[in-house]
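Inspection log for the structure reproduced underneath, given as structure tokens.
Quick note on labels: first sequence line is chain A, next is B, and so on, each numbered from 1. Source: prediction; values computed, not measured.
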There are 2 protein chains.
Amino acid sequence: MTVPALNNWQSVQDEVVRRIHGGVWNQGDLIPNEADLAREFGCARATVNRALQSLADSGLLDRRRKAGTRVAMLPVRKATLEIPLIRKEICDKGHTYGYAQVTRRRVPSPARLASKMNLPRGTKLLHLLCVHSADAKPYVIEERWINPDAVPAVEGVDFSQISPNEWLLKHVPFSAGDIAFFAMSADQPVADLLECEVGEGLFVIDRSTRRDTQAITSVRLIFAPGYRMHTVLSLPT
Amino acid sequence: MTVPALNNWQSVQDEVVRRIHGGVWNQGDLIPNEADLAREFGCARATVNRALQSLADSGLLDRRRKAGTRVAMLPVRKATLEIPLIRKEICDKGHTYGYAQVTRRRVPSPARLASKMNLPRGTKLLHLLCVHSADAKPYVIEERWINPDAVPAVEGVDFSQISPNEWLLKHVPFSAGDIAFFAMSADQPVADLLECEVGEGLFVIDRSTRRDTQAITSVRLIFAPGYRMHTVLSLPT
DNA sequence: GAGTGGTCTAGACCACTGT
DNA sequence: CAGTGGTCTAGACCACTCC
């Protein structure tokens, strides 16, 4: 009656999911350890490990050394968002990309940013206001602050030709950071730039990035009405 | 001169990232194959594989059989969002959780949902309108549609005691789906429920889940003003 | 066809942590 | 202290895909 030997980690994963779905293992239950499962499934422990680790990443299992592996009590859903280059996002949708720099200034770092970006007092930042458009209609406002101490080369860049979004991705790639999503109501200046009504609800992304502990840049993206960011909730079966 | 042997996958990953940062390998470049790197680093190929696979998951590398491994041209940023139980989210913030069901009806599936949830024509859905609150202030509106064909047990549940959000998570866990984030302006009924101004910009999440191909539930979460969803952009150093 | 990443195995040692 | 997951190794075979 033994199962016909699960010889790859995907089939092991499927079997584990099946047992959870089927109620063989319930939320909070301790499941057998890797060695036992490997013996039962007729495969190597590394294969079981790979399968369970993948499920733990998905949030279905909680694993701790010595304590063993449990079915997660509250299976936290995880969604992976891909945050593309704005130009690419617009082109991929089949629209014509447009871009314009609105203002460029050097400013003392605003208090709100100084703390968020962990900047020394009195740091001067480069502040840019730009608009990306799709088929000549405003698509998103990019309000950008850049720490010139972290990116000296930025002083010589002409951001009327290339957006900070794109330049930074090419020249300062691979940094860590944090990101927040929320909504705001359009005020007059924003409404003017996005050609929408004052008060309209807009989708906003705030993002700060740094390398090691040095703040590189902070950006606020304010999207035109109608924008939707979507992705897939991928859980095994 | 040789590096002191990278004997774990994290250090291999760090070294690869260092070489990309340092310009040893540039965007679009083909990097050496796993066997060569393993020899150079003085570790097993599996260790290199683990490191590179992790970097590919992060979007820094593009890997294809036979074609080899390249530094990604447009390093797509990936953010992982955890979508918690609403009650848990509120409690974790240290607030008192409150919940109320506003309405409960059986309705023909609206056209918009019928297509999104891929329902047969004429399917009747259970429609619920609920409000979750934090410290007695409205926190989020949960507008929920449930397909009773997929979850027959739902007919007997008293959703004035437990939110659909929580009941479904406990009883219909582990399903796939898709999710979208956007902003809307509060209309009168929404403003009444959230105790905010009409027209105010609100953060909204639409989510549909299914098991296999059968639609289970669709939900719209409309958050009170001020809500921010945030996460970390985790890229290796 | 040949070269690359993807995976499996069997065994080993280590790191963490509950008891 | 002892049991569990986390990882490494050396070798092997397979699957994909570019040429």
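Under the 3.5 Å distance criterion, the side-chain polar atoms of A/N49 are left unmatched by any main-chain donor or acceptor of A/A46.
A salt bridge links A/R19 with A/E40: the distance from a Lys NZ or Arg NE/NH1/NH2 to an Asp or Glu carboxylate oxygen falls below 4.0 Å. A salt bridge links A/D206 with A/K116: at least one charged nitrogen is closer than 4.0 Å to a carboxylate oxygen. The existence of a salt bridge linking B/R63 and B/E34 is confirmed by a sub-4.0 Å separation between a basic side-chain nitrogen and an acidic carboxylate oxygen.
For A/K66 and A/N49, each mapped to the nucleotide of DNA chain D holding its nearest heavy atom, the one lying further toward the 5' end belongs to A/K66. Nucleotides of DNA chain C nearest to A/N8 and A/R45 differ in position, and the one nearer the 5' end is that of A/N8. Comparing A/A44 and A/R65 against DNA chain C, the residue whose closest nucleotide sits nearer the 5' end is A/A44.
If you measure from atom CG of A/L52 to atom P of D/dT4, you get 14 Å, rounded to the nearest angstrom. The CZ atom of A/R39 sits 13 Å away from the P atom of C/dA10 (whole-angstrom rounding). Straight-line distance from the CZ atom of B/R64 to the P atom of C/dG6: 11 Å, rounded to whole Å. Rounded to whole Å, atom P of D/dC13 lies 16 Å from atom CG of A/N7. Per the geometry, CG belonging to A/L61 stands 16 Å off P belonging to D/dT4, to the nearest Å. Residue B/L6 contributes atom CG, which lies 13 Å from atom C1' of D/dC8 at whole-angstrom precision. If you measure from atom CZ of B/R63 to atom C1' of D/dC18, you get 17 Å, rounded to the nearest angstrom. One can place CD of B/E34 at 15 Å from C1' of D/dG11, the figure rounded to the nearest angstrom.
In this structure, B/Q53 reaches the C/dT7 phosphate: one of its side-chain N or O atoms is under 4.0 Å from OP1 or OP2. Residue A/R50 places at least one side-chain N or O closer than 4.0 Å to OP1 or OP2 of C/dT7. At the phosphate of C/dG5, OP1 or OP2 sits under 4.0 Å from a side-chain N or O atom of B/T69. OP1 and OP2 of C/dT7 both lie 4.0 Å or more from every side-chain N or O belonging to A/T47. Residue A/N33 has a polar side-chain atom (N or O) positioned under 4.0 Å from OP1 or OP2 of D/dT4.
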(request) Dump the intermediate steps for side-chain contact (heavy atoms from CB on, under 4.5 Å) on B/I31 and B/V71, then the final yes or no. (result) CA-CA 7 Å; B/I31 77 174; B/V71 181; 4.0 Å; yes
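Proximity note for A/W9 (side chain, C-beta onward) versus C/dG18, D/dC16, C/dC8: the nearest is C/dC8.
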